[in-house]
Amino acid sequence: MCGIVGYIGKKEASPILIDGLKKLEYRGYDSAGIAILSEGKINVIKTKGRLADLEERFKGKIPKGNIGIGHTRWATHGAPSDENSHPHMSMSENIAVVHNGIIENYMELKKDLEKKGYKFRSETDTEVLAHLAEMYYDGNLVDTLIKVIKDVRGSFAIGLICKDNPNELVAVRKDSPLIVGLGENENFIASDIPAILEHTRKIYLLNDLEFVHLTSDKVELFTIDKKPINKNIFNVEWDVDAAEKGGFDHFMLKEMYEQPKVINNTITPRIKNGLIEFDDINFTADDLKNISRAFIVACGSAYHAGMVGKYLIENLARIPVEVDIASEFRYRNPIIDDKTLVIIVSQSGETADTLAALRDAKKKGARVLAVVNVVGSSIAREADDVLYTWAGPEIAVASTKGYTTQLMAMYMIALKFGVLSGNLSEKDAKHLINELLTVPEKLEVLLGKIDSIKELAKKYHNRRDVFYIGRGLDHMVALEGSLKLKEISYIHSEAYAAGELKHGTIALIEEGTVVVALATQNSLFEKTLSNIKEVKARGGTVIALAQEGNDSVKEIADEVIVLPKIDDRLSSVLAVVPLQLFAYYCAIDKGCDVDKPRNLAKSVTVE
Ligand code: M6R
């Protein structure tokens, strides 16, 4: 949610900021801007729209200077406009600020500042930071920023430069990601690693309320009491290529194609002697006996993966599990004690609601296990245990490999707990693990059928509504398929438990309404077939998904996507891939911006 890049060094700052922002554009893309400090003046160029619009503003004349801050915005306070774009300047234009997050008490701060004569140019909450900094400025930028932060409530990652301190850049974070890149005679700040990976692999991962002071050859860290902080350098091991499109038209397409490989990365290293072993997580049979119930807490696609997790853990390990949307969990006062396990699921590891739920659960005494993709993210750092999904950088806003590797994590947790609790025999666990290991090659088969999915999209991309139905695990995958379709193609879509359709929603089915029916559960196949017939009887057009061998569906449905045979409990991870592809090609056929859908951002770091 919003991207920040800052540079201080000997090179021209503008191209470094623009390149970095391009890598962060997935975080927000309704406006962009940079501030460059040079010859005693801060030059701000910003605009509503994409980075391409910003570059258009330069008209070939890129601002010169060796220190600067840049921003891509996802609007919270104030519509996307030139004025509301970042960086924001203080009244006398001495100070420029970029900010991610929300300043919750900005209204009262704004009133106070206005009484003192400060004039506001934007509707943003961020602008108060620039004016406060000017008000507190005493020549020392760290002291100034500390005073500002003491006044504000909310979440923030902030970068600040000042025309009277031409060789310094300061920054701080709370509940919003910020990292520091350490270079040779140059240093960086950024919201995420890809922004600066071209320049350095040496990173400081900032914790909440850690202040950083950068010059071109030195980086110092301080607490809010100005005590120095010693921090380990985090070495980034993945490659810059992993965050590039690599010849694909879109990140989303590349990430869908990566699924066989990354799923393999997620599971294979965790299999020892045919069973699941987590090297870094010490979960004993006694620990498990002490757990009376579990919660899985997440948002969006991660929440859908959590629903599958509930089903699997309850079935294989017989531990009661509740699944909660993180933004609800926090405010519903759930019953949590030291016998509760809370499993937090998040691709980015930075989702504000999910992070807050984690903190709440820990405060109440729960043991917290995080399932996270981004190494070193806030959720990974704050959880008691972390199970990394190792999907590599996921850039497209719509989660694909992030979600399927979360599913893999759910399988592994359920299998591990099943054996530990004695509810799943080692023999049955080994059978399921062997089946799991066939998933990558079966996904390759499905990805090979891309042309038939393209055809389906061609036929149906212009429909107004698409419903998704399924029973059991199929229902959970239906929810994910429906989310994919609506977020990138803007086609109205809902997902229902197939048996629930006749309790109301079937009233919406009329001649030609498209219903994607998941019938991949052999044990529920006949039941789902009946629901498909109910839809057909009302004139609906049915695209069905079923496992090889369940040929009777071909006689009823209009279109059938056949999945390779697999244990019912594992079909979700196969079924979701054609649904991702269908959503992708519908969006392409409608001319949508697949990687950057309207109104969305990759990492939702505001509540
Ligand atoms: O990074 P997280 O897994 O915590 O993100 C959660 C959701 O914001 C995310 O899954 C969102 O729903 C995606 N856009 C879905 O494609």
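Both counts, for ligands and for their atoms, begin at 1 and track the order of listing.
Centroid-to-centroid, the aromatic rings of F248 and Y257 come within less than 6.0 Å.
Given atom 5 (O) of ligand 1, the protein heavy atom at minimum distance is T351 OG1, 3.5 Å. Of the protein's non-hydrogen atoms, S348 OG, 2.7 Å is the one closest to atom 1 (O) of ligand 1. At the shortest separation from atom 3 (O) of ligand 1 among protein heavy atoms lies Q347 N, 2.6 Å. From the protein, the heavy atom lying nearest to atom 6 (C) of ligand 1 is C299 O, 3.3 Å. The closest protein non-hydrogen atom to atom 8 (O) of ligand 1 is V604 CG2, 4.0 Å. Looking only at heavy atoms of the protein, atom 16 (O) of ligand 1 is closest to E487 OE2, 2.4 Å.
L253 CG to E255 CD: the interatomic distance, rounded to the nearest 0.5 Å, is 9.5 Å. The OG1 atom of T354 lies 5.0 Å from the CD1 atom of I379; values are rounded to the nearest 0.5 Å. Note that CD1 of I69 and CG of L17 are 9.0 Å apart. Values are rounded to the nearest 0.5 Å.
Ring geometry for H199 against F188 counts as parallel: the plane angle stays under 30°, on a 0 to 90° scale with 60° as the upper cut.
If you number the atoms of ligand 1 from 1 as listed, the ones under 4.0 Å from a heavy atom of K484 come out as 15 (C), 16 (O). Residue-ligand proximity, V397 to ligand 1, at heavy-atom distances under 4.0 Å covers atoms 13 (C), 14 (N), 16 (O). Interface of S399 with ligand 1, defined as ligand atoms under 4.0 Å from a residue heavy atom, comprises 15 (C), 16 (O). Proximity to A302 (heavy-atom distance under 4.0 Å) selects the following atoms of ligand 1: 3 (O), 10 (O). Ligand 1 places these atoms under 4.0 Å from at least one heavy atom of A398: 16 (O).
For the pair R201 and F234, the cation-pi test (distance below 6.0 Å, angle within 45°) is failed.
Considering backbone and side-chain atoms together, V345 places no N or O closer than 3.5 Å to any N or O of ligand 1. Of the polar atoms of S301, at least one N or O is found under 3.5 Å from an N or O of ligand 1, judged by distance alone.
Side-chain contact check for Y388 and T405: no donor-acceptor pair (N or O, by modelled atom type) lies under 3.5 Å.
Electrostatic pairing of R359 and D208 counts as a salt bridge here, judged by a charged N lying under 4.0 Å from a carboxylate O.
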request  = Given salt bridge (Lys or Arg N to Asp or Glu O under 4.0 Å), test E258 with K401 step by step and report yes or no.
outcome  = CA-CA 7 Å; E258 282 173 348; K401 63 173 182 170; 2.7 Å; yes
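Ligand 1 is never approached by E350 to a heavy-atom distance shorter than 4.0 Å.
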